[in-house]
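For this chain, numbers begin at 1 and follow the sequence in order.
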Amino acid sequence: PRSASDDAWRAGQRLETELLVGGQLRGLDHKLVVGSGEIWEGLSRAVAHYAIDLIVVGTRGRTGLARVLLGSVAERIFRKSNCPVLTVGPRSIAVSSDPIIRRVLFATDFTPHSLYALSYAISVARQSGATLALLHLVPDLAKESVPSKESSLEAVRQRLRELVPQDAGIAEPYVVVGFGKPVTRILAVAAEQ
């Protein structure tokens, strides 16, 4: 009887052949790696062995109870990885041969772990010639006066502008400051941009 790893190897070889025939792997150094066991253990070994700089993983977009019961492989990977992880959700638009990254959205709450990701956002924008948008969501200022609200928003806009060094090698970033729930507003700004 065939093992699951044999089936995975055959499926990987079929995919590799399709990508080669379709030209998607043209000019790319690549290697098919198939393993078995717990995903992070095998992936972490591959990341170390092949000196991986970026992990790209597709997600199914499970939410609620399904995510709690089944877990999220992508979430486990990005929580444990020591290199950047790009997750591609089920609603992402398929890429063509055109450059896939034209705009980069960097959302920050100004915490150290949030700001740590900025160097990656700048690097991706620079290397792909993309526009960088900086986003921060301000807590509700309902009790403040209109001039006070605008003053607070302008201070945040200025702080965002100061995050990107003059010599970053990218066009001046687009700054977005707003109110709302982070997940909802980040997705809305991403759709607008």
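Listed by chain and number, the residues in a ring-ring contact (aromatic ring centres under 6.0 Å, His included) with Y174 amount to none (sequence neighbours excluded). Checked against side-chain contact (heavy atoms from CB on, under 4.5 Å), Q13 has the following partners two or more places apart in sequence or in another chain: W9, L32. In this structure, W40 has no side chain to side chain donor-acceptor pair (under 3.5 Å) partners at least two apart in sequence or on a different chain. For V156, the side-chain contact (heavy atoms from CB on, under 4.5 Å) partners are F110, H136, V138, L160, V177, not counting sequence neighbours. A search for side chain to side chain donor-acceptor pair (under 3.5 Å) contacts involving R79 returns E75, not counting sequence neighbours. With sequence neighbours left out, the side chain to side chain donor-acceptor pair (under 3.5 Å) criterion links H49 to no other residue. T131 pairs by the side chain to side chain donor-acceptor pair (under 3.5 Å) definition with nothing, not counting sequence neighbours.
Of all the heavy atoms in A107 and S114, the pair that sits closest is O-OG, 3.9 Å. The two residues I101 and A130 have their closest heavy-atom pair at O-CB, 3.8 Å. Residues E192 and R185 come closest through the heavy atom pair OE2-NH1, 4.2 Å.
The salt bridge (charged side-chain N to carboxylate O under 4.0 Å, His left out) analysis of residues 25-46, with sequence neighbours excluded, yields the pairs E38-R76. Under the salt bridge (charged side-chain N to carboxylate O under 4.0 Å, His left out) criterion, the residue pairs touching residues 152-162 are E150-R157, E154-R157, E154-R161, with sequence neighbours excluded.
The line from CD1 of I55 to CG of N82 is 8.0 Å long, rounded to the nearest 0.5 Å. Distance check: L43 CG to I52 CD1 gives 8.5 Å after rounding to the nearest 0.5 Å.
The shortest distance between side-chain heavy atoms of L118 and T108 does not fall below 4.5 Å. A heavy-atom distance below 4.5 Å is not found between the side chains of L105 and V176.
Residues L132 and V189 fall into different hydrophobic clusters, defined by Ile, Leu, Val, Met, Phe, Trp and Tyr side chains chained together at heavy-atom separations under 4.5 Å. Residues L135 and L153 are members of separate hydrophobic clusters, defined by side-chain heavy-atom contacts under 4.5 angstrom among Ile, Leu, Val, Met, Phe, Trp and Tyr. I122 and L163 end up in the same hydrophobic cluster when Ile, Leu, Val, Met, Phe, Trp and Tyr side chains are linked at under 4.5 Å. Residue L115 is grouped with residue V175 when hydrophobic side chains (ILVMFWY) are merged at heavy-atom distances under 4.5 angstrom, including chains of intermediate members. Residues V57 and I39 fall within the same hydrophobic cluster, defined by Ile, Leu, Val, Met, Phe, Trp and Tyr side chains chained together at heavy-atom separations under 4.5 Å.
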Listing, residues 165-173 side-chain donor-acceptor contacts under 3.5 Å, not counting sequence neighbours, or none:
none

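Residue Y116 is found in a hydrophobic cluster whose other members, listed by chain and number, are Y120; membership requires side-chain heavy atoms under 4.5 Å apart, directly or through intermediates. Hydrophobic cluster membership for V56: L54, L86, V88 (Ile, Leu, Val, Met, Phe, Trp, Tyr linked by side-chain heavy atoms under 4.5 Å, directly or transitively).
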